[in-house]
Amino acid sequence: MAGVSEAATGHAEAHAHHPPYLQHHFVSAEQQFDAAKLGMWIFLATEILLFSGMFVAYAVYRVWHPEVFQAASKLLDWRLGGLNTLVLLASSYTVALAVHYAQLGDKKRLVQNLWLTVALAGVFMVVKYFEYSEKFHHNIFPGGNYAYEGLQLPYVGQFFSIYFVMTGIHGLHVLVGMGVLTWIALRAQRGDFSSEYYTPVEISALYWHLVDIIWIFLFPLLYLIH
Amino acid sequence: MATQTVATATTGQPEIHYLNHAKGLKSWLLTLDHKRIGLLYLVSVIFFFIVGGILALLVRAELFEPGQTLMSAETYNHIFTLHGAIMIFLFLIPAVPAVLGNFALPIMIGAKDVAFPRLNLASWYIFWLGALTMLVGIVTSGLDTGWTFYTPYSTMTSSGVTWVALGVFILGFSSILTGLNFIVTVHKMRAPGMTWSRLPLFVWGLYATSIVQILATPVLGITVLLLALERIMKVGIFDPALGGDPVLFQHFFWFYSHPAVYIMILPAFGVISELVGTFSRKGIFGYKFVALSSVAIAFLGFLVWGHHMYVAGQSATASTIFSLLTFLIGVPTGVKVLNWIASLYRGSIWLRTPLLYALAFLFVFPIGGFTGIALGTLGLDVPLHDTYFVVAHFHYVMVSGGLLAFLGGLHYWWPKMFGRLYNEKLAQIAALLIFVGFNVTFFPQFILGTQGMPRRYFDYVPEFTTLHQLSTVGSWILGLGLLLVAAYLLHSLFKGQPAPANPWGAGTLEWTHTGRIPSPHNFERTPVVTRGPYDYHLAEEIFGNGHGDERRTPTVTPAQGQAQH
Amino acid sequence: MAHATHHIIPRPLLLKVFLTLVALTIITALTGQADLGVFNFLHVPLAIGIAVIKASLVVLFFMGLKYDRPVNALAFIIGLLMVGVFLAFTLLDMLYRGDIGNLSPEPIRGPQIEQVEAPAGH
Ligand code: HEM
Ligand SMILES: [Cu+2]
């Protein structure tokens, strides 16, 4: 597509001293970097608002039926939730390290840390998979489909709706993050990044941290109701 | 007007511009040029406007007489729902920002493109993906919930709510991407010298709109997602049969949808500011207030959504507070209207079609706004809620914002988009028809509403016949006016007179610093901005430099003239 | 390109933040399980408080917002603010439901929910 637009006018002067990663509509690499980063932060704000709906629903039903939430929360295994918290925190740490090494131009450690992050995300999903299947096994489903014999209370269904929708959307974000980070890792291996240009690494890392942050709130709100 | 006489001021060399520099369908479908993407959106929203418009004519035709006139009550439910959903999600929300904004915003701030051209193109594809997803639901099982999808009806009906909800979810992404792109563009892509206080007011309007798009749309996403999940797997958050709370749905829905009315009106405010500034030749009175009131409205708009829920079972405490906050919205809105009028006052008014639309707006919008305040009054809304008074209110605001401003802006930027002029006489006649048609259609509805005509009914008592018939006749006049617009614009597209680079003598960069039709990268070189958008007395590119230099043609005027200043 | 936005966060700092996060996770898990007796009402504020601290650490250091341009922080903070607005006004309704006196707190009840306790309005 670049070809289409560049064929036309005589602004060739612009291209001579521009590094290859600089898109033509930016004046400088600085501007491109700043724009990408602001774009990502705004996107993160939209993500927070997407989740906010679920947090509001959570607050409403918890305020209305505190004892139901307390009872239902006991059906979740806080050890698994805690383990997953630690796993995600670790992945946040490794991706932060990845950015650190990208800034230093240390390709080997950059790639290592990216793969480590993807692996930790994988662990998270595996744990989640076991949690989910255990729930389904006991007929613990969202809302109207909830049919667990061990705990029959009105509004338990709502708790599990919120649980499944929140962790489900969060899990989707983890999967997307794994995809993005895999792609970034492959690009890093290919040598796309340097200490001069590592915007995609930093941008994806920001996204990954947000996934972590959401979970930091989900853990106590869902697993630790006393 | 001196500038009016400027003939085709081309200098002889073959013109290369954004329309002809690459040819073929592929060069359009894969374009990253914000101007072309704006045109892609233009074609798309006009298509949906026509569909929505035909549905509107059907609604009005059914209401021509009491009893069943054309269609059954069930069909009527589908028709008015589709009219509302299509007009709001597929026309009003994208119309001004995605068409006019995409075309003009980067040029107005002196940028080569938006910050993320690829995302910009993606937003257009996502728009169509969402539209087609909606269509799947509509074609297979219709839609009869009203555009508001209130539960519990929307969880019970067998119509295509699930698909439409997913479609709206997807459309939300398109809207978010546009908003995100604009915010970053305004923050990071301004030309040297383009300070915040030199931004054209259209840019301010779009900036405020983008804030709303970004903050509100994600909540619409989760709302319709939960609605779809409610139907697919009975999550029971909103469905009272499962212990859910339908009023909670309304909170979710209006947290988005009240701010969304500002997605429709704020860019319109921006357009009106440009039109008033350019055609009164005086600059905007109180520029700072007009600019910042947009941002104020964007944020205040988040605090008033409960005024849609006074009689929905919301607590009286919440209703009272929402009512008080609703009154506040009138303040920044009033600031704008008064400033526009002050800008016109003693200006040298040039009564061209775009200004006619702006004047129509200045008549129509305050009626909508004042009736909004009336509806925001807790006690008054109890009898007026869900009557034709509400229907009239929101058409007065949305048609003024979505349609009059869009048409005004389209007539204003048309010469820049296509390099051709349209028939001014016909355009003025059409504007008049639209203005008259609109008022004849909707003013009677205020009266019907106060008399007790409920909204969304396909039947009524005989006493209402006269006013309903008046309203239907009005819709025909309105339709006629729009047909006329379509006719002369199509004619202009192929046969119109070539337009000069700055036919209106406007002061913003898209007129002063680009060719008749902008080049693919907008500017030969990045302009250096040395004055505000409405400082006509400093605009030597338009009026010459005061030294008798007759180079005055507003064709391609590179920036160096100013920079040396 | 050396400029303010490219602050390189030292590794020891990242490690310290990570260890703090782990410690806070353990604390929240333990206090979340414990019976605090008369202080049981502190469970919710404690859990949320710790989560906020953890999230802030991630935002400030892992995401580098502390060293970043203010406009990025502004975007993020405005997003959070709107979550607050959404939550506050919705709860404002929920907590005062039925304040006119003749309405039940939850306006419409499904048939099978009949036997339920409803301790919302006091
Ligand atoms: C001065 C500012 C405004 C105020 C105070 C206001 C107030 C209100 C109120 C109180 C209602 C609820 C009426 C009811 O259902 O009983 C309402 C409905 C509505 N307003 Fe406005 N409004 C304002 C501006 C706007 C604007 C600018 C738009 C759109 C561009 C708009 C679009 C609508 C729509 C679409 C509805 C009907 C929603 C439905 O389908 O139920 N309003 N307005
Ligand atoms: Cu409203």
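Order of the sequence lines sets the chain letters (A, B, ...), proteins ahead of strands, with each chain counted from 1.
- Heavy atoms closer than 4.5 Å to chain B are found nowhere in A/I48, neither backbone nor side chain.
- For chain A, the nearby part of B/L226 is the side chain; its heavy atoms alone come within less than 4.5 Å.
- Remark: the B/H187 side chain and the B/Y207 side chain contain an N/O donor-acceptor pair separated by less than 3.5 Å.
- Contact annotation for A/F51: neither backbone nor side-chain heavy atoms come within less than 4.5 Å of a heavy atom of chain B.
- Using modelled atom types and a 3.5 Å distance limit, the side chains of A/W215 and A/T85 yield a donor-acceptor pair.
- Of the two parts of A/T46, the backbone and the side chain both hold a non-hydrogen atom closer than 4.5 Å to a non-hydrogen atom of chain B.
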Please set out all donor-acceptor pairs under 3.5 angstrom arising from side-chain atoms of residues 158-167 of chain A, sequence neighbours excluded.
from	atom 1	to	atom 2	distance (Å)
A/Q158	NE2	B/G236	O	2.4
A/Q158	NE2	B/L242	O	3.0
A/S161	OG	A/G143	N	2.8
A/S161	OG	A/G157	O	3.1
A/S161	OG	B/V235	O	2.5
A/Y163	OH	A/K128	NZ	3.4
A/T167	OG1	A/Y132	OH	2.7
A/T167	OG1	A/Y163	O	2.6

For residues 134-141 of chain A, which side-chain N or O atoms pair as donor and acceptor with protein atoms under 3.5 Å away, sequence neighbours left out?
from	atom 1	to	atom 2	distance (Å)
A/E134	OE2	A/H138	NE2	3.4
A/K135	NZ	A/L75	O	3.4

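- When A/Q32, A/M54, A/E47 are compared by the number of non-hydrogen pairs under 4.5 Å with chain B, A/M54 comes out ahead.
- Side chain to side chain, B/Q213 and B/S175 meet the donor-acceptor criterion of an N or O pair below 3.5 Å.
- Interface remark: B/I237 contributes backbone and side-chain atoms alike to the contact with chain A (heavy atom separation under 4.5 Å).
- The parts of B/L215 that come within reach of chain A are both its backbone and its side chain, each placing non-hydrogen atoms under 4.5 angstrom from that chain.
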